[in-house]
There are 2 protein chains.
Amino acid sequence: MARLREFDTELAVARAMELFWLRGYEATSVRDLTEALGVGQGSLYAAFGSKDGLYRAALTRYRETLAADALASLEESGDARTVIRAMLLERVAIATDGARGCLLVNAIAERLPGDTATARAVRETLDASRDALAEVLRAAGRRGEIRTGRDPVTLAAFLVTFLNGLLVVSKVTPEVRELEPLVEIALSTLD
Amino acid sequence: MARLREFDTELAVARAMELFWLRGYEATSVRDLTEALGVGQGSLYAAFGSKDGLYRAALTRYRETLAADALASLEESGDARTVIRAMLLERVAIATDGARGCLLVNAIAERLPGDTATARAVRETLDASRDALAEVLRAAGRRGEIRTGRDPVTLAAFLVTFLNGLLVVSKVTPEVRELEPLVEIALSTLD
DNA sequence: CCTTTTGTGGATCGTGCGATACAGAATTTG
DNA sequence: CAAATTCTGTATCGCACGATCCACAAAAGG
């Protein structure tokens, strides 16, 4: 019935995500985006409505890829401690690459208060991470790998909170050697 | 020899700090600042050179007031666990007030990579916090309040990292009731 | 093949940005 | 009191911003 879209929407969102991730929302201009995406301003606005719309799409994509990766990472074989350690350090490695940190943490810092849509999206992602982690902890408790005295959900929330701290700190202290001992202390709460 | 400055520089920096803290660097315009500070643009540029200069002054002020408060908080009488718990929860209370978070965390997220001056300033502040905390832990170890098996500096770095996570999470989960159990888990690493 | 519909990139819109210029007011020195 | 110096607010600078417009291109239906 009409002309087809020429650019790959998914790819465009992926590139926009990279840019927002590295520079933040305000410091990334629509012109920066059109250049990086190889898409004219008209097409961009037709597809996403506004800079904000594209940002939300980028956030959603981040959530989905991150959730998929983290879940896959947590479903690796091995004892809970090993799996969680690997997940934490992998997230740090991603954050220190280019010193971009974590898009969600950056979004919280830059866009809150004010952007309630982002607040909701971020909160949901953190809750989902916590719940996935809690499930791993529950299973590990059943297998007797960790102590069972604590509520798995609270423990998982603690670990997610610590991870966010790690993602912040790794932006000014990217040396993994300095961060690994902190991870070990956090993991000692599983004893 | 010439006309005296009419506005209180310290007070102006304090107000600028509030604004940057609440809205972030990019989202705060120079005109916003002149209005909030009650100072004309000419005077502002004469005093601070640039928007960036004023931001750095605000960061410095934040470091100084924060360091002073935190140190005072840590020098309260009481056992280490109580003192550290109070310090963590006080920082959370400050961050959730107005959902502004922590200026340092916001600075890390919004201005890095790129602003090396801010990176250095933030890193120094985190190191200072860690060292002050390590001193408290050392003293507590000597008094037999906490277990002495761990390096106090590493333990302090863990607590600072966890605190930063708490400051991030509290921006989307401001309910202290939900955060207190996480603090207790973090404090259990002192056992 | 012609009409209709949608996508295209570039030109353009009005606005607000950070920064500067400047005329006048205030203060000190001689 | 006059000269010199600095601070004051405001007007203005050039520019980049997000958003929109639009002439043309491409695909589908009759």
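A, B, ... follow the sequence lines: proteins, then strands. Residue 1 opens every chain. Because the structure is predicted, anything quoted here is derived from the model rather than measured. Because only heavy atoms are used, hydrogens play no part in the values below, and waters and symmetry mates are left out as well, while side chains stay in.
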Measure from [atom1] on [X] to [atom2] on [N] and round the result to the nearest Å.
X: B:Asp8; N: D:dT8; atom1: CG; atom2: P; value: 12 Å
X: A:Leu37; N: C:dT8; atom1: CG; atom2: P; value: 12 Å
X: A:Phe48; N: C:dG7; atom1: CZ; atom2: C1'; value: 14 Å
X: B:Lys51; N: C:dT20; atom1: NZ; atom2: C1'; value: 17 Å
X: A:Glu35; N: C:dT8; atom1: CD; atom2: C1'; value: 17 Å
X: B:Leu44; N: C:dC17; atom1: CG; atom2: C1'; value: 15 Å
X: B:Arg5; N: D:dT6; atom1: CZ; atom2: P; value: 12 Å
X: A:Leu33; N: D:dA19; atom1: CG; atom2: P; value: 11 Å

Side-chain N or O of [X] less than 4.0 angstrom from OP1 or OP2 on [N]?
X: A:Ser29; N: D:dA16; result: no
X: A:Ser43; N: C:dG7; result: no
X: A:Tyr45; N: D:dA19; result: yes

Check: To the side chain of A:Glu6, which of D:dG18, C:dT8, C:dT5 is closest?
Finding: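 Output: C:dT8.
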Note to self: Side chain of B:Arg3, heavy atoms from C-beta onward: which of D:dT6, C:dT5, D:dA19 has the nearest atom to it?
What the structure shows: D:dT6
Notebook entry, point to check: Which residue, B:Gln41 or B:Leu4, contacts DNA chain C at a nucleotide closer to its 5' end, judged by nearest heavy atom?
Noted result: B:Gln41
Notebook entry, point to check: Across the strands shown, which category fits A:Ser50 at heavy-atom distances under 4.0 angstrom: base, sugar-phosphate, nothing?
Noted result: sugar-phosphate
Checklist line | Between B:Phe48 and B:Tyr55, ring centroids under 6.0 Å | finding: no
Margin query: Can you tell me if A:Glu10 has over 12 outside heavy atoms packed within less than 6.0 Å of its CD?
Written below: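 For A:Glu10, atom CD is not crowded (no more than 12 foreign heavy atoms under 6.0 Å).
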Checklist line | Interatomic spacing from CZ in A:Arg3 to CZ in A:Arg5 - rounded to 0.5 Å | finding: 12.0 Å
Notebook entry, point to check: What orientation do A:Tyr62 and A:Trp21 show, parallel under 30°, tilted 30 to 60°, or perpendicular over 60°?
Noted result: perpendicular
Notebook entry, point to check: What is the ring orientation for A:Phe20 with A:Tyr25, classed by angle as parallel under 30°, tilted 30 to 60°, or perpendicular over 60°?
Noted result: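 Rings of A:Phe20 and A:Tyr25: parallel, as their planes differ by under 30°.
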Margin query: Between C:dG16 and B:Arg31, counting only base atoms on the nucleotide and side-chain atoms on the residue, is there a donor-acceptor pair under 3.5 Å?
Written below: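 No.
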